[in-house]
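In each ligand, atom 1 is the first atom listed, and ligand 1 is the first ligand listed.
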Amino acid sequence: MTAQKILVTGGAGYIGSHACVALLEAGYDVVVVDNLSNSRAESLARVKTITGKTLTLVLADIRDKQALTEIFSEHKIYAVMHFAGLKAVGESCVQPIRYYQNNVYGTLVLTEVMQEFAVKKMIFSSSATVYGEPDTVKYSEDLPVFGATNPYGKSKAMIEDILRDLSTADVLTKASHPWEIILLRYFNPMGAHQSGLIGEDPNGIPNNLVPYVSQVAVGKLAQLSVFGGDYPTIDGTGVRDYIHVVDLVKGHLAALKALDDSSLNIRCKAYNLGAGKGYSVLQIIAAFERVTGKTINYKIVERRSGDVAENYADPGLALRELNWKTEKNLDDMVEDTWRWQSQNPNGYH
Ligand code: NAD
Ligand code: WQD
């Protein structure tokens, strides 16, 4: 039997490169399309080292319809894992056009070409950010998703809407070959492949907590600013649901399998990918100190605007329907982050 071929958009990036490893190890063939706007091809060279397998990299932008058409003409694609997108919350607030152009328009071009080639299975990288600021700390999929507070989050909510509309159109037209789409709402991905060969390689000074703390631990940055010490949480600092990137990509493989489960009959459905448990900023710092044996220099400063005090996933739906749950704990996440960071202090550079 020939292997199913998966098109991975944004496959050279942090999560996409881990997805490539998981797909190749599970016996899929992989075609990556990436414009390397936030990544390096070296990540995919390392994917090959880890797996001992090859993949195809097409250097192109997903907004380039002709390039996508060529990919679908040349390769018999079974399904698309759609990671390509810009993801920096603060940057999206000052460059909204760029974010909507890249994320929303890029997805429109991609889905248009997929539809032309009758490839209608997609796993989309959404985000817990689509929940905005609900009145609860435990987010389940039935919460409304129109409260995103920044253009990045809104672009994810808009894409979810577009994908739901594609599915509705199939119902209206009684399509014989309907779209099958899973929207995966990630909580806070961290960690790296156990080999230490691939991991998160942010450009410039990191915006997110984990890459910042690990760069303090490795001596690249002097001090972490802890944004707010007076939240109504366990120790006053923000609480989030951190999920190991390897668990996260296993959730994508589970989603791919679920599309073939006729008892689920998925047309367009959202699932949270999180651990269902939160850790505070100070707990993350303590875990890094424990694992690395280094002291993390930090200072509590003002809250960051747009932050909520606490959130974590209700991961029950993914367990019941995708048969997926996280397997790794906080120490695993920190150990793997640290192996990647200490072996590659300058990332792929
Ligand atoms: P990343 O920046 O490491 O990877 C994204 C990849 O997409 C990069 O390789 C980039 O070069 C590529 N890309 C961007 N725009 C493109 C375009 N127009 N055409 C072709 N390639 C393009 O980010 P990541 O952390 O791996 O995130 C992957 C996806 O998951 C993104 O859609 C992101 O919004 C989403 N997500 C990430 C997080 C997180 O905290 N990392 C959380 C929730 C959701
Ligand atoms: C985590 C906690 C901060 C940095 C973001 C996006 C979200 C998703 C994941 C893509 C918070 C605190 C942080 C620092 C700190 N990405 N912090 N000092 O904000 O939960 O989620 O990334 O979809 O959409 O919004 O993650 O890592 O930035 O913050 O104290 O230097 O760490 O206040 O409590 P966040 P984060």
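- You'll find the side chain of Phe72 reaches within 4.5 Å of the side chain of Val119, heavy atoms only.
- Residue-level proximity to ligand 1 for His82 is absent, since no heavy atom of it falls below 4.0 angstrom.
- Nearest protein heavy-atom contact of atom 20 (C) of ligand 1 is Asn35 N, 3.3 Å.
- Aromatic ring pairs are classed by plane angle as parallel below 30°, tilted from 30° to 60° and perpendicular above 60°; the pair Tyr152 and Tyr99 is perpendicular.
- Contact between Gly106 and ligand 1 is absent, with no heavy atom of the residue lying under 4.0 Å from the ligand.
- With a 4.0 Å heavy-atom cut-off, ligand 1 is reached by the backbone of Leu36 but not by any atom from C-beta on.
- With a heavy-atom cut-off of 4.0 Å, Ala128 does not touch ligand 1 at all.
- Both the backbone and the side chain of Asp61 come within contact range of ligand 1, each with a heavy atom under 4.0 Å.
- Taking every heavy atom of Phe83 and a limit of under 4.0 angstrom, the matching atoms of ligand 1 come to 28 (C), 29 (C), 31 (C), 32 (O).
- Below 3.5 Å of separation, one finds an N or O of Ile62 facing an N or O of ligand 1.
- For the ligand labelled ligand 1, residue Ser126 lies inside the 4.0 Å heavy-atom shell.
- When hydrophobic residues (I, L, V, M, F, W, Y) are linked wherever their side-chain heavy atoms come within less than 4.5 Å, the members clustered with Tyr139 are Val130, Tyr131, Leu143, Val145, Phe187, Val308.
- Residues Ile50 and Ser195 share a closest heavy-atom pair of CD1-OG, 3.5 Å.
- A donor-acceptor contact under 3.5 angstrom links the side chains of Asn203 and Asn38, judged on distance only.
- Comparing Pro211, Gly85, Gly10, Ser155 by heavy-atom distance to atom 14 (C) of ligand 1, the nearest is Gly85.
- Of the candidates Asn102, Asp34, Val89, Asp34 brings a heavy atom nearest to atom 11 (O) of ligand 1.
- By the side chain to side chain contact (heavy atoms under 4.5 Å, CB included) test, Leu319 pairs with Lys325, sequence neighbours left out.
- Taking a heavy-atom cut-off of under 4.0 Å, ligand 2 is surrounded by Val89, Ser127, Thr129, Tyr152, Asn188, Asn207, Asn208, Leu209, Leu224, Ser225, Val226, Phe227, Gly238, Arg240, Tyr242, Val281, Arg304, Asp307.
- Taking 4.0 Å as the cut-off between side-chain N and carboxylate O, Arg46 and Glu42 count as a salt-bridged pair.
- A salt bridge does not link Lys53 with Asp29: every distance from a Lys NZ or Arg NE/NH1/NH2 to an Asp or Glu carboxylate oxygen is 4.0 Å or more.
- A salt bridge is defined here as a Lys NZ or Arg NE, NH1 or NH2 lying under 4.0 Å from an Asp or Glu carboxylate O, and Glu91 with Arg98 meets this definition.
- With side-chain heavy atoms closer than 4.5 Å counting as contact, directly or through intermediates, the hydrophobic cluster containing Phe227 also holds Val301.
- A donor and an acceptor atom, one from each side chain of His244 and Asp332, are nowhere located under 3.5 Å apart.
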